[in-house]
Enquirer: 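Following this message is one structure expressed as structure tokens.
All of these numbers come straight from a predicted model, not from anything done at the bench. Letters go in sequence order (proteins before strands), and every chain restarts at 1.
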Amino acid sequence: MKIIVLMKQVANKDAILRINKSETWIEEGDLSHEVNESDGYALEEALRLKEKHGGGEVVVCSLGPQRVKSVIKDALARGADRAIHVVSDDTAQLGPYAAAKVLSEAIKDEQADLVLTGLQSDDNGYAQTGVILAELLGLPHATIVIEVDASGEGLRVKRELESGWYQWYAMTRPALLTIQSGISQIRYATLKGIMAAKKKEIKEVAPNAEALSAAAHQRITKVYFPQKTKQTQFLGDGDAKAGAAQLAEKLRTEARIF
Amino acid sequence: MPNGILVFAEHRGGAFNKTSFEAVAAAQQLGASLGQPVSAVVLGTDAALASQVAAYKLDKVVSVEHPKLADYTPDGYADAMERAVRALDPQFVIMPHTYLVRDYAPKLAARFGKDLISDCVRASVSDGAVTFSRRIFQGKIDADVVANGEPPVFATFQSGAYRADQAERGGEAAAVESLPVEVGEVRMQPEEPFQEVKQAVDLTKADTIIAIGRGIKGQEHIALAQQLADLLGGEIAASRPICDAGWLPIDRQIGSSGQTVTPKLYIALGISGAIQHLVGMKNASTIVAVNKDPEAPIFDIADYGIVGDLFEVIPVLTEEIKKLKG
Ligand SMILES: Cc1cc2nc3c(=O)[nH]c(=O)nc-3n(C[C@H](O)[C@H](O)[C@H](O)COP(=O)(O)OP(=O)(O)OC[C@H]3O[C@@H](n4cnc5c(N)ncnc54)[C@H](O)[C@@H]3O)c2cc1C
């Protein structure tokens with residue numbers, strides 16, 4: 001089974017975000033980055049499927065500037081077999097259709113049995129790139145997938161619905177699945193894996209120029225911190241312990257919890 | 001000339017989703033500002049369902065029909081909606097940002113060579129131009145977005161962005177129109193939806209919930225929060241990453257894919273406040289947030305906030321409550 005996993009690099013979850021001068025995006029300069037959370041789970045699922053079904057290949061594909069190599073190398077160290085890096089410096093304003101188009105051009109000749117992506121990115125949060133990619137590749141898809149059974153001819157996938165409901169779908173293969181966080185426990189890279197990764201292929205490709213330069217269907221005109229809507233009583237004024245003591249008092253006298 | 005606003009009303013097995021009516025409210029407000037008629041579209045096998053939506057103040061309700069639309073599938077819905085949108089030629093297609101819409105609507109938009117302006121929290125109109133606002137970076141930043149190019153513009157709205165009770169009802173029922181469509185090959189087959197085996201704890205009954213997020217850092221620190229919960233006679237709960245990591249069972253997860261709770265007191269420790277978490281707890285009577293990031297979105301819905309390290313806050317809070325309880 002050949003599985004392609006799409007992985008995106010995003011700003012660190014704990015990063016303090018600042019707005020850039022033109023108020024059109026965040027200040028990228030001093031940010032640290034990490035792999036998008038659900039993409040990490042997509043990779044793990046691909047590795048497990050390969051192990052379970054006796055081999056094949058896991059190919060990682062990432063779109064972005066040179067810094068995304070750290071995501072790629074980490075994926076290779078965890079067990080991916082090779083990688084495709086679609087090199088592009090400016091992808092922040094790339095809409096999901098354009099991103100999917102660029103990715104489809106980069107992977108369509110691979111003829112994968114499965115394409116896995118995370119269910120959405122932690123930065124733009126469009127939650128669309130995977131589904132549009134499936135359409136462009138002519139593949140059936142399922143989103144928010146929390147279990148994959150590839151033992152038969154086709155696939156059975158368990159999808160998460162709202163409020164603790166689930167649903168299994170039987171589908172044909174090849175297919176594209178967007179993976180939900182928590183599908184399994186993510187392995188760590190071993191020292192052996194890190195050494196082995198050094199010999200693995202990372203193919204750099206240029207993004208499809210037409211897809212990259214096509215007019216975006218949506219354009220960000222301004223970014224800003226959300227307006228607060230609720231009057232929050234902030235306690236302690238930066239002193240956590242003082243805040244805690246005040247809170248105990250408020251919970252008794254104002255909220256009447258005890 | 002494309003004209004009007006088409007709103008997608010979602011149902012599962014005949015039960016309409018509340019966020020569908022929130023989308024109706026969004027579409028009506030947009031329609032009023034733009035001076036454009038609003039129609040709803042319902043997918044199914046016959047027109048029986050559409051009449052449930054006809055009570056709202058709408059130009060008409062279009063019942064898009066095909067036997068393959070009995071159960072939801074992304075292939076079936078994308079095919080049917082593509083035909084409906086081409087036939088009705090609207091300027092805007094408005095949808096709720098539900099799991100179902102996330103599943104098929106990007107495919108629908110792609111058929112028009114576009115993407116969706118997804119998960120919007122607001123739309124405003126000035127000089128006839130619409131600006132959509134989306135929340136990015138997991139709720140930390142807002143982005144104003146405008147659509148480029150030819151209609152239709154596809155937009156989805158976040159749950160809670162508009163209130164379902166703001167959806168205006170009409171004097172008399174809107175006309176229901178049947179629109180039989182072709183549906184091509186459907187490559188996936190749904191089984192019955194189900195819930196996992198009975199939950200061990202019912203958090204919906206708890207008066208006090210102490211919820212931990214990724215800020216708790218390690219499983220070994222959960223005991224700290226547990227002590228506080230015990231002292232207040234409350235239950236421990238968590239954001240998704242804590243359950244994903246297996247530190248707490250999934251039946252203690254609060255949020256869109258977990259439990260929805262309305263306790264008297266909800267203390268969020270090291271939880272950033274992503275929308276998928278907020279929808280599960282924002283109606284608690286008193287909300288306390290402890291977070292070291294002053295910009296964390298959780299503070300937006302908190303009654304009391306402490307900006308600081310939870311590892312300093314919890315022990316003091318526990319001690320002080322003990323003292324006050326005597
Ligand atoms: C389809 C879908 C469904 C989802 N369903 C759910 C759901 O049901 N429930 C849910 O919770 N999430 C759900 N999520 C995930 C959600 O989007 C967020 O990723 C998640 O809620 C984040 O959890 P968190 O706040 O614990 O972690 P983070 O966002 O990483 O936040 C951790 C917070 O802890 C703070 N912190 C760190 N250290 C300390 C310290 N020492 N003291 C004080 N504060 C500290 C940080 O400032 C940060 O704000 C879902 C996502 C999707 C896409």
Enquirer: Check whether A/Ile26 gets within reach of chain B through its side chain, its backbone, both or neither, counting any heavy atom under 4.5 Å.
Expert: side chain
Enquirer: Dump the intermediate steps for salt bridge (Lys or Arg N to Asp or Glu O under 4.0 Å) on A/Glu37 and B/Arg240, then the final yes or no.
Expert: CA-CA 12 Å; A/Glu37 183 162 32; B/Arg240 178 166 195 128; over 6 Å; no
Enquirer: State, with a plain yes or no, whether a side-chain heavy atom of A/Leu251 is found less than 4.5 Å away from one of B/Val288.
Expert: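 Counting from C-beta outward, A/Leu251 and B/Val288 do come under 4.5 Å.
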Enquirer: If we only count heavy atoms from C-beta on, is the A/Lys230 to B/Asp303 side-chain gap below 4.5 Å?
Expert: yes
Enquirer: Any idea which of B/Asp119, B/Asp75, B/Ile301, B/Val121 has the most non-hydrogen atom pairs under 4.5 angstrom with chain A?
Expert: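 Answer, by heavy-atom pair count under 4.5 Å with chain A: B/Ile301.
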Enquirer: Can you tell which part of B/Tyr72 gets under 4.5 Å to a heavy atom of chain A, answering side chain, backbone, both or neither?
Expert: both
Enquirer: Which region of A/Leu161, side chain (C-beta onward) or backbone (N, CA, C, O), has a non-hydrogen atom less than 4.5 Å from a non-hydrogen atom of chain B, or is it both or neither?
Expert: both
Enquirer: Check whether A/Leu119 gets within reach of chain B through its side chain, its backbone, both or neither, counting any heavy atom under 4.5 Å.
Expert: both
Enquirer: Short question: side chain of B/Lys107, backbone of A/Val131 - any donor-acceptor pair under 3.5 Å?
Expert: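 Judged by distance alone, no pair lies under 3.5 Å.
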Enquirer: Measure B/Ile314 against the heavy atoms of chain A and call it side chain, backbone, both or neither at under 4.5 Å.
Expert: neither
Enquirer: Under 4.5 Å from any heavy atom of chain B, what part of A/Ile257 do you find: side chain, backbone, both or neither?
Expert: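 Contact with chain B is through the side chain of A/Ile257 alone.
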Enquirer: Quick check on B/Gln259 against chain A: is it the side chain, the backbone, both or neither that has a heavy atom closer than 4.5 Å?
Expert: neither
Enquirer: Quick one: do A/Tyr126 and B/Arg134 satisfy side-chain contact (heavy atoms from CB on, under 4.5 Å)? Show the steps, please.
Expert: CA-CA 9 Å; A/Tyr126 291 121; B/Arg134 314 179 58 237; 3.3 Å; yes
Enquirer: As an exercise: rank B/Leu317, B/Asp300, B/Ile136, B/Val145 by heavy-atom pairs under 4.5 Å with chain A and give me the winner.
Expert: B/Asp300
Enquirer: Which atoms of B/Ser256 are under 4.5 Å from chain A, going by heavy atoms: the side chain, the backbone, both sets, or neither?
Expert: backbone
Enquirer: Select one option (side chain, backbone, both, neither) describing which atoms of A/Leu17 are under 4.5 Å from chain B's heavy atoms.
Expert: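 Just its side chain gets close to chain B.
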Enquirer: Using the side chain to side chain contact (heavy atoms under 4.5 Å, CB included) rule, pick out the option among B/Met188, B/Arg187, B/Gln189 that qualifies with A/Thr172.
Expert: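 Only one of B/Met188, B/Arg187, B/Gln189 forms a side chain to side chain contact (heavy atoms under 4.5 Å, CB included) with A/Thr172, namely B/Arg187.
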Enquirer: So, the side chain of B/Glu191 versus the backbone of A/Gln167: is there a donor-acceptor pair under 3.5 Å, distance only?
Expert: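 It does not hold such a pair.
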Enquirer: Chain A heavy atoms under 4.5 Å from B/Ile250: which part of the residue, side chain, backbone, both or neither?
Expert: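 Just the side chain, heavy atoms under 4.5 Å.
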Enquirer: Can you tell me which portion of A/Arg156 sits under 4.5 Å from chain B's heavy atoms? Options are side chain, backbone, both or neither.
Expert: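 Just the side chain, heavy atoms under 4.5 Å.
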Enquirer: Can you check salt bridge (Lys or Arg N to Asp or Glu O under 4.0 Å) on B/Glu196 and A/Lys158, steps first, answer last?
Expert: CA-CA 12 Å; B/Glu196 292 294 8; A/Lys158 184 177 165 189; 2.5 Å; yes
Enquirer: Measure A/Gln185 against the heavy atoms of chain B and call it side chain, backbone, both or neither at under 4.5 Å.
Expert: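 Contact with chain B: side chain only.
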Enquirer: Sort out for me which of B/Ile141, B/Thr73, B/Leu310 touches chain A most, counting heavy-atom pairs under 4.5 Å.
Expert: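 Sorted descending by pairs with chain A, the first entry is B/Ile141.
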Enquirer: Looking at side-chain heavy atoms only, is the closest gap between B/Asp103 and A/His141 below 4.5 Å?
Expert: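 In contact.
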Enquirer: Answer yes if the side chains of B/Arg102 and A/Gln120 hold a donor-acceptor pair under 3.5 Å, and no otherwise.
Expert: yes
Enquirer: Is the backbone of B/Leu116 close enough, under 3.5 Å, to the side chain of A/Gln128 for a donor and an acceptor to pair up by distance?
Expert: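 Here the side-chain-to-backbone pair exists.
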Enquirer: With a 4.5 Å cut-off on side-chain heavy atoms, are A/Thr232 and B/Tyr304 touching?
Expert: no
Enquirer: Could you tell me which portion of A/Lys13 (side chain, backbone, both or neither) has an atom closer than 4.5 angstrom to a non-hydrogen atom of chain B?
Expert: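 Both backbone and side chain.
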Enquirer: Using heavy-atom distances under 4.5 Å, tell me whether A/Arg219 contacts chain B through its side chain, its backbone, both, or neither.
Expert: both
Enquirer: Check each atom of A/Ala142 against the heavy atoms of chain B and say whether the ones under 4.5 Å are side chain, backbone, both or neither.
Expert: backbone
Enquirer: Ignoring hydrogens and geometry, is there a side-chain-to-backbone donor-acceptor pair from A/Glu162 to B/Tyr99 under 3.5 Å?
Expert: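 Checked: pair present.
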Enquirer: Tell me, out of A/Ala127, A/Ala240, A/Gly125, A/Pro226, who's got the most heavy-atom pairs with chain B below 4.5 Å.
Expert: A/Pro226
Enquirer: So which part of A/Phe234 gets closer than 4.5 Å to some heavy atom of chain B, the side chain, the backbone, both or neither?
Expert: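 A/Phe234 touches chain B through backbone and side-chain heavy atoms alike.
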Enquirer: Side chain, backbone, both or neither: which part of B/Ser133 has an atom under 4.5 Å from a heavy atom of chain A?
Expert: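 Looking at B/Ser133, just its side chain touches chain A.
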Enquirer: Looking at A/Thr221, is its backbone amide N or carbonyl O close enough to the side chain of B/Asp144 to form a donor-acceptor pair, meaning the two atoms are under 3.5 Å apart?
Expert: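 The answer is no, because no donor-acceptor pair under 3.5 Å joins these two groups.
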Enquirer: Who wins among A/Ala15, A/Ala245, A/Gly236 for the most heavy-atom pairs under 4.5 Å with chain B?
Expert: A/Ala245
Enquirer: To the closest 0.5 Å, what do you measure between CD1 (B/Ile306) and CG (A/Leu247)?
Expert: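 One finds 4.5 Å between CD1 of B/Ile306 and CG of A/Leu247.
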Enquirer: Go through the atoms of A/Leu139 and report whether side chain, backbone, both or neither lie under 4.5 Å from a heavy atom of chain B.
Expert: backbone
Enquirer: Only pairs of heavy atoms separated by less than 4.5 Å count here; which of B/Gly308, B/Ser285, B/Ser118 has the most with chain A?
Expert: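 Ranked by contacts with chain A, first place is B/Ser118.
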Enquirer: Can you check whether B/Gly113's main-chain N or O pairs, donor with acceptor, with A/His217's side chain at less than 3.5 Å?
Expert: yes
Enquirer: Taking every heavy-atom pair that is under 4.5 Å apart, which of B/Glu319, B/Gln276, B/Arg12, B/Lys264 has the most such pairs with chain A?
Expert: B/Arg12
